[in-house]
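Quick one: this structure, given as structure tokens, is what I'll be asking you about.
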Amino acid sequence: MACCTGRCTLILLCTLQLVAALERQVFDFLGYQWGPILANFLHIVVTILGLFGTLQYRPRYVIAYAIWAAIWVTWNVFLICFYLEVGDLNKESDLLTFHVSQHQSWWSEHGPGCVRKEAPVAGVVGLESHSYVSVIGCTVEYQYIEVMHSALQILLALLGFVYACYVTSVFTEEEDSCRRK
């Protein structure tokens with residue numbers, strides 16, 4: 001059982017997508033970004049499905065992965081537009097948290113070089129006392145980190161889409177040649 005180039009490449013791309021999606025999932029959980037958490041979860045499931053389809057020669061699973069890759073590109077383009085505030089989108093809104101909380105990206109307070117300063121709000125006591133957090137000195141602003149994450153996801157998804165289409169065509173040709181014999 002030799003591993004053809006396209007199939008091995010798709011396996012590698014799916015593995016890289018899983019690693020990148022898991023890394024992104026961790027930071028979205030830390031920032032309570034519920035929309036991206038759900039999207040990442042779906043992406044992880046469908047990528048595993050695509051990986052399984054590639055390993056087991058199941059073209060339907062690979063086609064499902066290819067369709068998801070196109071949807072994933074669209075989602076990441078939306079995230080880029082959201083964080084760069086294209087049109088009426090505002091990165092300060094609570095759209096990605098489903099209006100449940102006022103949390104933002106974890107990177108907004110913990111990015112490279114960022115220094116957090118907390119100032120307690122006067123008059124609020126108790127276990128859940130709130131404080132004003134200011135962030136200064138960031139080497140890279142958090143929206144650009146999020147844009148880089150999305151750009152990497154787009155690159156991997158586009159390559160995955162191309163190789164999924166190629167692998168599906170190879171699987172189909174193999175099935176056709178087996179039927180002719």
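For reference, positions follow the sequence shown, starting with 1.
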Close side-chain approach of Phe161 to Tyr166, heavy-atom, < 4.5 Å:
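Counting from C-beta outward, Phe161 and Tyr166 never come under 4.5 Å.
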
Closest heavy-atom pair and its distance - Thr139, Gly113
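The answer is OG1-CA, 3.7 Å.
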
Nearest heavy atoms of Leu51 and Cys14, plus distance in Å
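That closest heavy-atom pairing would be CD1-CB, 3.8 Å.
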
To the closest 0.5 Å, what do you measure between CD1 (Ile37) and CG (Leu42)?
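Separation between the atoms: 12.5 Å.
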
Suppose we screen for side-chain hydrogen bond (donor to acceptor under 3.5 Å, both in side chains). Which residues come up paired with Asn40, at least two apart in sequence or across chains?
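With neighbours one apart ignored, the set is Gln25, Asp28.
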
Under the side chain to side chain contact (heavy atoms under 4.5 Å, CB included) rule, collect the residues that match up with Phe78, sequence neighbours excluded.
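Listed in chain order: Trp75, Phe82, Leu89, Leu95, Leu96.
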
Side chains of Trp106 and Glu146 in contact at under 4.5 Å (non-hydrogen atoms):
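Heavy-atom side-chain distance check fails, nothing below 4.5 Å.
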
Listed by chain and number, what are the side chain to side chain contact (heavy atoms under 4.5 Å, CB included) partners of Val147, not counting sequence neighbours?
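Result, side chain to side chain contact (heavy atoms under 4.5 Å, CB included) vs Val147: Ile80, Tyr83, Leu84.
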
Measure across Tyr65 and Ala164 and return the closest heavy-atom pair with its distance rounded to 0.1 Å.
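Nearest heavy atoms, Tyr65 then Ala164: CD2-CB, 3.8 Å.
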
Taking ILVMFWY side chains as joined if any heavy atoms are under 4.5 angstrom apart, and letting links pass through other members, which residues group with Val45?
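For the cluster that includes Val45, the remaining residues are Phe41.
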
For residues Ser105 and Tyr142, report the shortest heavy-atom separation together with the two atoms involved.
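Looking at all heavy atoms of both residues, the shortest contact is CB-CD1, 3.7 Å.
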
Leu10 pairs by side chain to side chain contact (heavy atoms under 4.5 Å, CB included) with which of Leu159, Thr15, Thr54?
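One option only clears the test, and that one is Thr54.
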
Under the 4.5 Å side-chain heavy-atom rule for ILVMFWY, direct or indirect, which residues accompany Leu49?
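Traced through the cluster, Leu49 reaches Phe52, Tyr61.
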
Can you list everything that forms a side-chain hydrogen bond (donor to acceptor under 3.5 Å, both in side chains) with Gln143? Sequence neighbours excluded, please.
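So Gln143 forms no side-chain hydrogen bond (donor to acceptor under 3.5 Å, both in side chains) with any residue.
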
Results of side-chain hydrogen bond (donor to acceptor under 3.5 Å, both in side chains) for Glu85 - residues two or more places apart only
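Glu85 satisfies side-chain hydrogen bond (donor to acceptor under 3.5 Å, both in side chains) with no residue once adjacent residues are dropped.
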
So, taking the atom named NE2 in His43 and the one named CD1 in Ile48, what distance separates them when rounded to the nearest 0.5 Å?
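That separation rounds to 10.0 Å.
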
For the OG1 atom of Thr47 and the CG atom of Leu22, what is their distance to the nearest 0.5 Å?
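Interatomic distance, Thr47 OG1 to Leu22 CG, rounded to 0.5 Å: 9.5 Å.
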
Looking at side-chain heavy atoms only, is the closest gap between Val162 and Leu158 below 4.5 Å?
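Heavy-atom side-chain distance check fails, nothing below 4.5 Å.
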
Once side chain to side chain donor-acceptor pair (under 3.5 Å) is applied, what residue pairs with a partner in residues 150-162 remain, sequence neighbours excluded?
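Matches after skipping sequence neighbours: Arg24-Ser150, Trp72-Gln153, Asn76-Ser150.
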
If hydrophobic clusters are built from ILVMFWY residues whose side chains come within less than 4.5 Å, do Met148 and Val19 share one?
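Unlinked, Met148 and Val19 end up in two clusters.
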
Taking side chain to side chain contact (heavy atoms under 4.5 Å, CB included) as the test, write out the residues that go with Ile63, two or more places apart.
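Ile63 satisfies side chain to side chain contact (heavy atoms under 4.5 Å, CB included) with Ile67, Thr168 only.
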
For the residue pair Phe27 and His149, does the interplanar ring angle fall in the parallel (under 30°), tilted (30 to 60°) or perpendicular (over 60°) class?
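Rings of Phe27 and His149: tilted, as their planes differ by 30° to 60°.
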
So which heavy atom on Pro112 is nearest to which on Ile145, and how close?
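Smallest interatomic distance, heavy atoms only, reads CD-CD1, 3.4 Å.
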
Does the ring of Tyr57 carry Arg7 above it, NZ/CZ under 6.0 angstrom from centre and within 45° of its axis?
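Flagged: Arg7 positioned over aromatic ring of Tyr57.
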
Minimum heavy-atom distance Leu13-Gly160, with the two atoms named
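Heavy atoms only, the tightest pair is CD1-N, 3.8 Å.
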
With sequence neighbours excluded, residues passing side chain to side chain contact (heavy atoms under 4.5 Å, CB included) with Leu152
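Side chain to side chain contact (heavy atoms under 4.5 Å, CB included) check on Leu152 returns Ala20, Leu156.
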
